[in-house]
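The model shown is predicted, which means the values in this text are computed figures rather than measured ones. Because only heavy atoms are used, hydrogens play no part in the values below, and waters and symmetry mates are left out as well, while side chains stay in. Letters go in sequence order (proteins before strands), and every chain restarts at 1.
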Amino acid sequence: MTGMSPPPPRPDRVAPALARWYAANARVLPWRARPGEVPDPYRVWLSEIMLQQTTVATVGPYFHAFTGRWPDVHALAGADDQAILTAWAGLGYYARARNLIRCARVVAGELGGRFPDSEAGLAKLPGIGPYTAAAVAAIAFDRPAAVLDGNIERVMARLFAEETPLPAAKPLLRRHAAALTPTVRPGDHAQALMDLGALICTPRRPDCPRCPLVGDCRGHALGLAAELPRRAPKKAKPTRLGLAYVAIRAGDGAVLLGRRPPSGLLGGMAEVPGSDWTEQGAPAPRPPLSADWRRLSRTVRHTFTHFHLELTVLRASVAAATPAPAGLLWVPPQALAGHPLPTVMRKVLAAGLDSPGGKRIPSRVRNS
DNA sequence: GAATCGTGGCT
DNA sequence: TAGCCAAGATT
């Protein structure tokens, strides 16, 4: 027996064992149909877009806000872009929101309000890639699609003891997932695998003794479960530096805001005017208007997916009659909630509005 | 294949 | 503190 390789997991054992576990352990989630309920494709789609690279706990409040305000795809398609971006603010990956709008309008306008019921049809829509197409097809339309998200990648890598590092292993893992997908209730099967990944087969310290699949798990048999999946090494994040100008208007305390370009980083979102963000050192000061700018002693730090950002915040108080420069807008504090401010800009405003004092800066900075 | 694209929670 | 990672898509 020594040196014998454990057998691969068998679909006729794995899927039923998983289904029994799921019947007793399924998480109750706001977007999930209760047993016996017919899933609403709109809610399934909306939740899947929101859940891309985003935790269940973070999505919850956003899902409630969206479905409360826009209960169906027609309502969402008819909403203003700015209102949707504002409701999305803080959730991150803002291209998702821009694609959400485009997708809703295609479905409402060209497809009679009905989402395609096939994986291929769904995959043609903006913001719907391989994962989301499979997930919506399986969960909303009971199609036997092979769903592969980060959870299922991990479960498959362990079940099959797949040592090829991600992302190269993805096609292999997808084939494994497809081989295990039953024709009966494939949506429940996919959600069961995701719940298993979230509750038992966790990234660190998997709870193998409680796993319904432990008897079929090659990774566990080989003592490798906790080390899988392997991943290609990640690139180090550089640090970029920038300046942000918080102008405060006398009287109502309004602040000056601008709008970012429609695509790219934080595309279409509101911003505090500032410099470019560069790795080359401190950018040249170019205030949006002439004023007595004072540098705050505390910088704002924020980390994006591929770089760290360190912003120096400058603040100035200006007269109530000061006109807004071209492309910018005075926004009173109580109106800030109506603007699509990403988290990094909320941090800048918090620093600029709350923090006392502020350091005098060289005079050449004071006039643009 | 490699880069780009947010944020928050946990270790 | 610093890294890891989450129901990925797009270019």
Item to check | Distance, rounded to the nearest Å, where A:Met269 contributes CE and B:dG6 contributes C1' | outcome: 10 Å

Checklist entry - Just checking A:Val344: base, sugar-phosphate only, or nothing, at a heavy-atom cut-off of under 4.0 Å? => result sugar-phosphate

Checklist entry - Would you say B:dA3 has OP1 or OP2 under 4.0 Å from some side-chain N or O of A:His306? => result no

Checklist entry - Just checking A:Ala168: base, sugar-phosphate only, or nothing, at a heavy-atom cut-off of under 4.0 Å? => result sugar-phosphate

Checklist entry - Hey, does A:Leu266 reach any base, or is it just sugar-phosphate, or nothing, if we go heavy atoms under 4.0 Å? => result sugar-phosphate

Next on the checklist: Looking at A:Trp277, I'd like to know if the NZ or CZ of A:Arg260 sits under 6.0 Å from its six-membered ring centre while staying within 45 degrees of the ring's axis.
Outcome noted: yes

Next on the checklist: What I want to find out is whether A:Asp207 reaches A:Arg205 closely enough, with some N-O distance under 4.0 Å, to be called a salt bridge.
Outcome noted: no

Checklist entry - Would you say a side-chain N or O of A:His302 is under 4.0 Å from OP1 or OP2 of B:dT7? => result yes

Item to check | Per-nucleotide protein contact string for nucleotides 1-11 of chain C, where B marks a base within reach and S marks sugar-phosphate only (heavy atoms under 4.0 Å, - for neither) | outcome: ----SBBBSS-

Checklist entry - Any side-chain N or O of A:Thr343 under 4.0 Å from OP1/OP2 of B:dT7? => result yes

Checklist entry - Does the distance from a Lys or Arg side-chain N to an Asp or Glu carboxylate O, for A:Asp276 and A:Arg286, drop under 4.0 Å? => result no

Item to check | Euclidean distance for P, C:dA9 against B:dG8 (whole angstrom) | outcome: 22 Å

Show the atom names and distances, to 0.1 Å, of all donor-acceptor pairs under 3.5 Å that link a side chain in residues 104-121 of chain A to residues at least two apart or in another chain.
{"unit_1": "A:Arg105", "atom_1": "NE", "unit_2": "A:Ala77", "atom_2": "O", "d": "3.0"}
{"unit_1": "A:Arg105", "atom_1": "NH1", "unit_2": "A:Asp81", "atom_2": "OD1", "d": "3.0"}
{"unit_1": "A:Arg105", "atom_1": "NH2", "unit_2": "A:Ala79", "atom_2": "O", "d": "2.8"}
{"unit_1": "A:Arg105", "atom_1": "NH2", "unit_2": "A:Asp81", "atom_2": "OD1", "d": "2.8"}
{"unit_1": "A:Asp117", "atom_1": "OD1", "unit_2": "A:Arg143", "atom_2": "NH2", "d": "3.3"}
{"unit_1": "A:Ser118", "atom_1": "OG", "unit_2": "A:Gly121", "atom_2": "N", "d": "3.0"}

Checklist entry - Which word best sums up how the rings of A:His302 and A:Phe304 line up, parallel for under 30°, tilted for 30 to 60°, or perpendicular for over 60°? => result perpendicular

Item to check | Spacing of the C1' atoms in B:dT11 and C:dA7 (rounded, Å) | outcome: 22 Å

Next on the checklist: Can you confirm if the aromatic rings of A:His64 and A:Phe66 lie within a centre distance of less than 6.0 Å?
Outcome noted: no

Next on the checklist: If I take atom CZ in residue A:Phe304 and atom P in nucleotide B:dT7, what distance separates them, rounded to the nearest angstrom?
Outcome noted: 6 Å

Checklist outcome for this item: A:Ala247 meets the side-chain contact (heavy atoms from CB on, under 4.5 Å) criterion, sequence neighbours left out, with A:Leu256, A:Trp293, A:Trp330

Item to check | Separation between the C1' atoms of B:dC5 and C:dC5, rounded to whole Å | outcome: 16 Å

